[in-house]
Amino acid sequence: MSIYKPSEIEPRWQKYWLEKKTFKTPENHDRPKYYILDMFPYPSGSGLHVGHPEGYTATDILARYKRMMGYNVLHPIGWDAFGLPAEQYAVKTGTHPRITTEKNIIRFREQLQMLGFSYDWDREVDTTDPNYYKWTQWIFLKLFEMGLAYEDEQPVNWCPELGTVLANEEVIDGKSEVGGYPVVRRPMRQWVLKITAYADRLLEDLDGLEWPESTKEMQRNWIGKSIGAEIDFQVHQHDEKIRVFTTRPDTIFGATYMVLAPEHHLVEQITTAEQKAAVEAYREKAAQKSDLERQELTKEKTGVFTGAYAINPANNKAIQIWIADYVLAHYGTGAIMAVPGEDERDWEFAEMFDLPIVRTVQPPDDFEGKAYTEDGPSINSDFLNGLHITEAKQKIIEWLEKNGVGSKSVNYKLRDWLFSRQRYWGEPFPIIHVDGKPKAVPESELPVTLPEVDDFQPTKTGEPPLARAAEWIETTDPETGKKALRETNTMPQWAGSCWYYLRYISPDFDGGPVDKGEEKYWMPVDLYVGGSEHSVLHLLYARFWHKVLYDCGVVSTKEPFQKLVHQGMILGEVEYTAYEKDGKIISAEQADGDEGLKRVPLAESDVEKKGERFVMKGTEIVVDARAHKMSKSRGNVINPDDVVKKYGADSLRLYEMFMGPLEQVKPWSTKGVEGVNRFLNRTWRLFFGDGEEERLNVSEDEPTRDQFRVLHEAIKKVTDDIDGMRFNTGISALMIFVNEANQWKSVPRAVADPFVLLLSPFAPHIAEEIWNKLGHKESLAYEEWPQYSEEYLKSDIVEYPVQVNGKVRANIEVPADQAKNKDFVLGLAKQQKNVQKHLDGTTIIKEIFVPGRIVNLVVKPG
RNA sequence: GCCCGGGUGGCGGAAUUGGUAGACGCGUCGGACUCAAAAUCCGAUGGCAGCGAUGUCGUAGGGGUUCGAGUCCCCUCCCGGGUACCA
């Protein structure tokens, strides 16, 4: 019998594509190129989840479409395979992370192939492969040579639980991004990359990128450029100056006290004898606080007077110098001039400690707040009085510069990138220490491979696991023959993913990270798809490295990723939950806090919508109706393997694209998968009938005008929608075609062929199968994409809705040749019975006629 | 708090520059086929009133611009993401 059997069709075509290397990247450069990139996955032990195929299907559709449009397409995949889970598993079981990683990669590869993605499998990269990380190390050497990588003893985010330091970007709310463990500050020798040297370029070049505005904005905020001034305040009775950074130099006449960060280098020197004890105690306490504690205690300001005074250079008044932890040591100069009148934090502090407040900007009469941060004329500010912020700033900076007490200045929130980790499973640094100084390993000795160790834990003294490989550590400097020690830190996981998109271009090239000629052809990446969780971290780091490589002449573009799209998260199936307390079901609105609450899952049939909310059927008890993030603990994880087994890869692909806009967060629905699966079944029956025998239901007849119209409407819509990445509505157009075509006796070949091509990027297996059965010998992967013709889209009649006072009262059909004839259309419109009814007893005061669109008769009574 | 997104049927979501709100899919209801079920097919399906023609309300809420607003403007509420003493 004629039945659509994905389990039989799909593996067969997957094998065909692999064996024939159908998707091998063309090596010639004689066509336009399209580089379409997925964020490569970390091959975790739990395999692919349904989130992966979402972005991967979207890019696969585009890759297949672009090939049919005549582009040379580069569509690769690889493995971001260094990382913590494999290492933690190694610590627990002693299994070498390499073993775990290899195993996981095999699983991931199988899963991706099972979904029919058209990757060029000859270009796979693996960040843990020494042939790959050789070039990661090579790039690090470039950074080192350029003075962009340096060692520094600095307070770092130390995570005791993970046994490693973390970059600022990896710390969220004082906890580690991975695992959520507490993070404390602790000084340590670390490798740091000078990303701040590129702050301005990283900021400016965002403008030319086709990225989501929100992502660009996040990067802008993270870089945090602010323009202001640095001003020197003379310390009274000391030969010292305190330099502050401020964005509001115009408010200097309102600077009524100063605050230093507790760690500021002048604190000890200027503190008076009477205040010494208090200051010491405060500094002690601040040092002991973790970042988390510092944040938790932000509600109330704390601080201590140093006993010292500074002279405000604008008015020569002596003002108190305090220390307080609301001033951060690592931003600006670690010291501020406090202007409570125009700064909410300073106001709060001034109120707390009874310090003077002077307004220097006139608030509006009805202003009732405390600090006034908006614009207005300057007051109490001598020669600035009357000027608004912009002019006042300019004038005061001129004055500061003339008097040698300050100058214009720019500051960034962005800090240098902490680049070393105390881990085993990462790239070793190509660095040796000779006479206590770091020195580059010569390029000819790359890669510096990971040594074998017997234990993957940090040593008892807190040194990284590599410190266990004594023979590896002790080496000689090839240049001088002196004794040398290898660096025992390793690089963070971001290192490998900072440049992998370049390696795909020439994965076997051994003259550098990337072959220049190929790079020139393929770069930049035309479309990059991946999760928004990488908005700052990966995407900022990769841009930084790319710019460094640009400066060394390795790459020819300033930016790596021209267009970026984030796929939205797929949530679990919608769940209905009632809350039970003390054995009684209570309304979800009253259910706050966890005490004594029991969650009772309900079936969809037990609930109904009442107004804005869902309630238990027939009651007033409100229940929760929500989709949650998929998680093992919640037990709502959908495994792609199961979906493929039951419905096939084409159905999974189609469903994930049909759910809604790619960028949007959306809940999973197994019923929805069944829906698209039905569509594929209907498509199969359209071509092969539903009789006992499989019989090709395709005729050699010339299609009718109507059949052509149906086809060409589909071509237009599907083409536009793929171009605009609106895959959900594109699929809807394919469904409309099949629904229409199912009413025909048979499908004319001239319609059948193009339709199968339209379907193929979305559901490649079934499309190849039908294509083959239509008598084509070769894969359809490089067939020409169908073109639509306006000729067939024209209709013989044009429909006009007819409104009276903006309300539709009738629909009329006008022959196409009369459609733009206003008099004709209006005449016909007014004849309509229901229109006449509404015109009765009124006077037409205006006739709106929008050709091809609408008729609106504006009337008034009488 | 601040900065971005976003609120459309029972559900996921459609709707060119302002021009018939609810495409497509799910669900539900009715029918056909069947001994029966599944699968499939046909029909209906925003609410309210009406046998019906039709009327009326309706895109989070309130106001405005317009012949006409889901779409533009102002205010409020709710949800999601980011960020948090960055001077």
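The structure displayed is predicted, hence computed values, not measured ones.
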When you check the phosphate oxygens OP1 and OP2 of B:G5, does a side-chain N or O of A:His566 lie under 4.0 Å from one of them? no
Nearest-nucleotide 5' precedence on RNA chain B, A:Asn739 against A:Gly332: A:Asn739
A:Arg248 atom CZ is separated from B:A87 atom C1', nearest whole Å, by 11 Å
B:G82 phosphate, OP1 or OP2, under 4.0 Å from A:Arg220 side-chain N/O: no
Rounded to the nearest Å, what distance is computed from the CZ atom of residue A:Phe737 to the P atom of nucleotide B:C24? 16 Å
Respond yes when some side-chain nitrogen or oxygen of A:Arg626 is under 4.0 Å from OP1 or OP2 of B:G80, and no when none is. no
Looking at B:G55, I'd like to know if its phosphate oxygens (OP1 or OP2) sit under 4.0 Å from a side-chain N or O belonging to A:Arg809. yes
Ion pair check, A:Lys666 and A:Glu54, cut-off under 4.0 Å: yes
Atom C1', compared across B:C77 and B:G63: separation rounded to whole Å: 15 Å
d(CE, A:Met569; C1', B:G80) in whole Å: 9 Å
A:Lys846 has a side chain; which of B:U83, B:C67, B:U20 sits nearest to it? B:C67
In whole angstrom, what separates A:Met337's CE from B:C85's P? 20 Å
Grab the stems for RNA chain B, please: at least three consecutive Watson-Crick or wobble pairs, both distances below 3.5 Å, written as range with range. B:1-7 with B:77-83, B:10-12 with B:24-26, B:27-32 with B:40-45, B:46-49 with B:54-57, B:60-64 with B:72-76
Does A:Lys225 qualify as a cation-pi partner of A:Tyr412, given the criterion of NZ or CZ under 6.0 Å from the six-membered ring centre and within 45 degrees of its axis? no
Under 4.0 Å, heavy atoms only, any strand: does A:Gly675 hit a base, just the sugar-phosphate, or nothing? sugar-phosphate
Decide yes or no for A:Tyr647 and A:Thr670: does some side-chain heavy atom of the first lie under 4.5 Å from some side-chain heavy atom of the second? yes
Sugar-phosphate only, base, or nothing, as touched by A:Glu674 at under 4.0 Å among non-hydrogen atoms: nothing
Candidate nucleotides B:A87, B:C85, B:G19, ranked by approach to the side chain of A:Arg853 - the nearest: B:G19
Working to the nearest 0.5 Å, report the span between CG of A:Leu662 and NE2 of A:His566. 11.0 Å
Is the distance from the ring center of A:Phe353 to that of A:Tyr257 below 6.0 Å? no
What is the separation between atom CZ on A:Phe727 and atom C1' on B:C24, rounded to the nearest whole Å? 17 Å
Per nearest nucleotide of RNA chain B, the residue lying toward the 5' end, A:Lys671 or A:Glu213, is A:Glu213
Just wondering, are more than 12 heavy atoms of other shown residues or ligands nearer than 6.0 Å to CZ in A:Arg726? yes
Less than 4.0 angstrom between a side-chain N/O of A:Lys716 and OP1 or OP2 of B:U16, yes or no? no
Aromatic plane relationship, A:Trp744 with A:Phe737 - under 30° parallel, 30 to 60° tilted, over 60° perpendicular: perpendicular
Using the C1' atom as the point on both nucleotides, what is the distance between B:A15 and B:G64, in whole Å? 24 Å
Anti versus syn assignment for B:G82, with syn defined as within 90° of 0: anti
Taking any heavy-atom pair under 4.0 Å as a contact, classify A:Ile736: base, sugar-phosphate, or nothing. sugar-phosphate
Applying a 4.0 Å non-hydrogen cut-off, can you work out what A:Thr247 is touching in the nucleic acid: base, sugar-phosphate, or nothing? sugar-phosphate
Quick test: give all pairs of protein nitrogen or oxygen and nucleotides 11-15 of chain B nitrogen or oxygen below 3.5 Å, distance rounded to 0.1 Å.
{"unit_1": "B:C11", "atom_1": "OP1", "unit_2": "A:Lys609", "atom_2": "NZ", "d": "2.7"}
{"unit_1": "B:G12", "atom_1": "O2'", "unit_2": "A:Met659", "atom_2": "O", "d": "2.6"}
{"unit_1": "B:G13", "atom_1": "OP1", "unit_2": "A:Gln664", "atom_2": "NE2", "d": "2.7"}
{"unit_1": "B:G13", "atom_1": "O3'", "unit_2": "A:Asn728", "atom_2": "ND2", "d": "3.4"}
{"unit_1": "B:A14", "atom_1": "OP1", "unit_2": "A:Asn728", "atom_2": "ND2", "d": "3.0"}

Integer angstrom distance from the C1' of B:G50 to that of B:C42: 27 Å
Which nucleotide, B:A23, B:A87, B:U40, lies nearest any side-chain atom of A:Ser732? B:A23
Looking for any heavy atom pair under 4.0 Å, which part of the strands does A:Asn834 touch: base, sugar-phosphate only, or nothing? sugar-phosphate
Separation of the C1' atoms in B:A69 and B:G82, to the nearest angstrom: 32 Å
Base, sugar-phosphate, or nothing for A:Ser226, non-hydrogen atoms under 4.0 angstrom? sugar-phosphate
Which word best sums up how the rings of A:Tyr655 and A:Trp668 line up, parallel for under 30°, tilted for 30 to 60°, or perpendicular for over 60°? perpendicular
Expressed as a whole number of angstroms, how long is the span from A:Glu740:CD to B:C42:C1'? 16 Å
Counting heavy atoms from C-beta on, name the nucleotide in B:C67, B:U20, B:C57 closest to the side chain of A:Ile854. B:U20
